[in-house]
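These numbers come from a predicted model, not from an experiment. Note on naming: letters A, B, ... go to the chains in the order of the sequence lines (proteins, then strands), and numbering restarts at 1 for each one.
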There are 2 protein chains.
Amino acid sequence: MTVMITMEELKKRLQERQCKLTPQRQIVLQVFIENHDEHLSAEEVHQILREQGSEIGLATVYRSLELLSDMDILQKIDFGDGRSRYEINKRDEKQHHHHHIICLECGNVKEFEEDLLENLEELISKKSNFNIVDHQVKFYGYCQECQKKREN
Amino acid sequence: MTVMITMEELKKRLQERQCKLTPQRQIVLQVFIENHDEHLSAEEVHQILREQGSEIGLATVYRSLELLSDMDILQKIDFGDGRSRYEINKRDEKQHHHHHIICLECGNVKEFEEDLLENLEELISKKSNFNIVDHQVKFYGYCQECQKKREN
DNA sequence: GTTGATGCAAAACTTTTGCAACACG
DNA sequence: CGTGTTGCAAAAGTTTTGCATCAAC
């Protein structure tokens with residue numbers, strides 16, 4: 001079972017660092033809750049909120065994204081398309097990692113869950129003398145549709 | 001044994017795509033050969049070349065980096081510091097992948113070689129229906145020095 | 001009132017592009 | 001000449017910042 005953060009918890013966590021749960025921060029997080037399978041850029045979040053009638057400013061979106069990332073509620077990712085993207089950090093009991101497969105042709109991103117790297121993390125920790133706390137894996141290739149197109 | 005590309009080979013490969021081996025492209029590659037353990041940004045390459053007395057323009061550096069990346073002579077990487085970085089693609093007989101461990105405190109980047117993911121690539125290929133051709137792994141943690149600092 | 005947050009505009013950065021000039025067979 | 005390349009300046013795009021105003025306790 002995956003669980004996302006609740007607004008209650010967000011409020012508490014924000015107060016811990018003397019921050020407020022403002023309507024803007026709330027709706028930014030809401031966008032990610034409602035689009036938990038997407039990897040949204042700041043501009044896209046802003047767009048979505050504007051379409052919903054909000055008058056939030058782009059700078060506020062950026063500031064909210066940074067804050068939520070610092071708090072590990074969002075995760076910042078880079079797919080090499082020139083802008084930062086964010087996704088909500090789902091937490092389940094095992095703290096599963098999920099990673100991305102990126103199509104080199106159309107840019108489409110697919111997710112996959114895999115824990116095979118947990119062991120590796122330990123191994124690398126010892127070898128490198130780093131205290132490793134996280135990892136990110138990206139696979140690059142061609143999605144099924146683009147494979148078909150390439151055959152022609 | 002790792003082998004880097006030679007200027008001879010570069011020239012040949014450039015001619016294959018109707019491109020020329022200009023002095024500018026040559027010195028850009030030279031920077032990476034001489035700094036094969038670094039991950040340089042466009043601005044840094046430009047800086048280094050200017051210090052060496054070259055009058056190369058920044059736009060030319062960008063264009064060279066893009067060309068060399070397209071040719072798989074350089075690899076573009078992103079460490080989340082707001083600019084693209086590049087490193088030379090070393091080729092050895094086994095086409096080893098090497099990956100990065102990034103210190104969350106000081107930003108220091110260390111490399112590690114590991115082939116454990118080759119099998120994984122195949123597995124994911126089947127599961128996802130992607131034709132996977134490459135992967136990139138980043139570990140995040142704290143380097144030995146920053147661990148010590150944190151203990152105080 | 002004090003503190004933190006917002007929106008706007010401007011600024012800062014990185015990267016790309018248009019174009020006249022150049023290089024070289 | 002012709003083709004591809006360069007350097008410069010301008011443009012484009014993303015992200016950050018300064019600041020006056022606002023909101024909430």
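- The salt bridge (Lys or Arg N to Asp or Glu O under 4.0 Å) analysis of residues 35-50 of chain B, with sequence neighbours excluded, yields the pairs B:Glu44-B:Arg85.
- The interatomic distance linking B:Ile27 (CD1) with D:dT6 (C1') rounds to 12 Å, in whole Å.
- B:Met71 and B:Tyr86 fall within the same hydrophobic cluster, defined by Ile, Leu, Val, Met, Phe, Trp and Tyr side-chain heavy atoms under 4.5 Å apart, directly or through other members.
- For the pair B:Glu55 CD and C:dC22 C1', the interatomic distance rounds to 15 Å; values are reported in whole Å.
- Sequence neighbours left out, the pairs with a member in residues 50-83 of chain A that pass ring pair (Phe, Tyr, Trp, His ring centres under 6.0 Å) are A:His39-A:Phe79, A:Phe79-A:His100.
- To the nearest 0.5 angstrom, B:Ile56 atom CD1 is 4.5 Å from B:Ile27 atom CD1.
- With rounding to whole Å, B:Arg50 atom CZ is found 12 Å from D:dT6 atom C1'.
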Using a cut-off of under 3.5 Å, enumerate the N/O to N/O pairs linking the protein to nucleotides 12-17 of chain D.
from   : atom 1 : to      : atom 2 : distance (Å)
D:dT14 : OP1    : A:Arg83 : NH1    : 3.3
D:dT15 : OP1    : A:Ser84 : N      : 2.8
D:dT15 : OP1    : A:Ser84 : OG     : 3.4
D:dT15 : OP2    : A:Tyr62 : OH     : 2.5
D:dT15 : O5'    : A:Tyr62 : OH     : 3.3

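- Atom C1' of nucleotide D:dT5 and atom CD of B:Gln26 are separated by 15 Å, given to the nearest angstrom.
- In this structure, B:Leu21 places its CG atom 16 Å from P of D:dG4, rounding to the nearest Å.
- In this structure, the NE2 atom of B:His46 is 14 Å from the P atom of C:dT15, given to the nearest Å.
- Side chains of B:His135 and B:His99 form a contact here, defined as non-hydrogen atoms less than 4.5 Å apart.
- Formation of a donor-acceptor pair under 3.5 Å by the B:Asn89 side chain with backbone atoms of B:Asp72 is found in this model.
- Residues forming a side-chain hydrogen bond (donor to acceptor under 3.5 Å, both in side chains) with B:Glu51 (at least two apart in sequence, or on another chain): B:Gln47.
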Taking N or O atoms only and anything under 3.5 Å, show me the protein contacts with nucleotides 2-5 of chain C, one pair per line.
from  : atom 1 : to      : atom 2 : distance (Å)
C:dA5 : OP1    : A:Lys20 : N      : 3.3
C:dA5 : OP1    : A:Arg25 : NH1    : 2.7
C:dA5 : OP1    : A:Arg25 : NH2    : 3.0

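- Considering only residues two or more places apart in sequence or on other chains, B:Asp70 meets the side-chain hydrogen bond (donor to acceptor under 3.5 Å, both in side chains) condition with none of them.
- Atoms CG (B:Leu68) and P (D:dT5) sit 12 Å apart, rounded to a whole Å.
- Counting to the nearest Å, the C1' atom of C:dT15 and the CG atom of A:Asp81 are 14 Å from each other.
- There is no side-chain donor-acceptor pair under 3.5 Å between B:Gln26 and B:Gln30.
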